Amino acid sequence: MVWLNVDRPTKKCTLHMNSSCTYLLKKSETDNKGIGNMKRDGGWLSFADPKLAKLYHQINLPEYEFIDHC
């Protein structure tokens, strides 16, 4: 599983694939950012394959910067 961190305030989508990544280990649901769903400031979305995450970005958020973090 891979995770796409969608950050609306900075207009960035960051792809995380390494399960030991510190950002993945620290992710948590907040009032403004969801896990598995989008909230006001964005969310952490899971995908079975990195290609699906990139496709989601291209279709839904093409104006956002895409970062392949780990």
Side-chain angles (χ1 to χ4, degrees):
M1 180 179 312
V2 301
W3 288 89
L4 187 66
N5 179 4
V6 178
D7 193 60
R8 287 183 172 156
T10 62
K11 293 192 174 192
K12 293 181 182 178
C13 291
T14 307
L15 183 63
H16 298 273
M17 295 186 288
N18 185 341
S19 61
S20 63
C21 174
T22 57
Y23 291 103
L24 282 181
L25 297 174
K26 291 182 189 179
K27 77 178 181 303
S28 62
E29 181 97 11
T30 68
D31 289 340
N32 298 321
K33 196 162 192 175
I35 295 182
N37 64 329
M38 296 290 285
K39 292 186 176 180
R40 187 192 76 192
D41 289 346
W44 287 87
L45 305 177
S46 64
F47 296 89
D49 184 279
K51 291 178 184 177
L52 294 174
K54 290 176 184 179
L55 184 62
Y56 176 88
H57 164 259
Q58 292 170 348
I59 292 171
N60 297 290
L61 303 161
E63 69 280 8
Y64 283 33
E65 178 182 1
F66 187 87
I67 301 165
D68 196 344
H69 182 266
C70 58

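Please read all numbers here as calculations on a predicted model, not as lab measurements.
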field: K27 side-chain N/O to I35 backbone N/O, donor-acceptor pair under 3.5 Å
entry: no
message: Donor-acceptor pair, distance only, cut-off 3.5 Å: does the side chain of R8 make one with the backbone of K39?
response: yes
- request: Could you check whether the rings of W3 and W44 sit parallel, tilted or perpendicular, using 30° and 60° as the cut-offs?
  value: perpendicular
- prompt: Is the Y23 ring parallel, tilted or perpendicular to the H69 ring (thresholds 30°, 60°)?
  reply: perpendicular
- prompt: Where do S19 and L25 come nearest, in terms of heavy atoms and distance?
  reply: O-CD2, 3.7 Å
statement: Note: I59 and P62 closest approach over all heavy atoms is O-CD, 4.0 Å
With rounding to the nearest 0.5 angstrom, report the [atom1] to [atom2] distance, [X] to [Y].
X: D68; Y: H16; atom1: CG; atom2: NE2; result: 9.5 Å
X: L61; Y: E63; atom1: CG; atom2: CD; result: 6.0 Å
X: K12; Y: I67; atom1: NZ; atom2: CD1; result: 4.5 Å
X: E65; Y: H57; atom1: CD; atom2: NE2; result: 8.5 Å

Taking the side chain as every heavy atom from C-beta outward, state whether [X] and [Y] have any pair of such atoms under 4.5 Å apart.
X: K54; Y: L4; result: no
X: E29; Y: N37; result: yes
X: M38; Y: L45; result: yes
X: Y64; Y: K11; result: yes

Cluster overlap L24 with V2, hydrophobic side-chain contacts below 4.5 Å: no
query: Hey, are K33 and D7 close enough for a salt bridge, meaning a charged N less than 4.0 Å from a carboxylate O?
result: yes
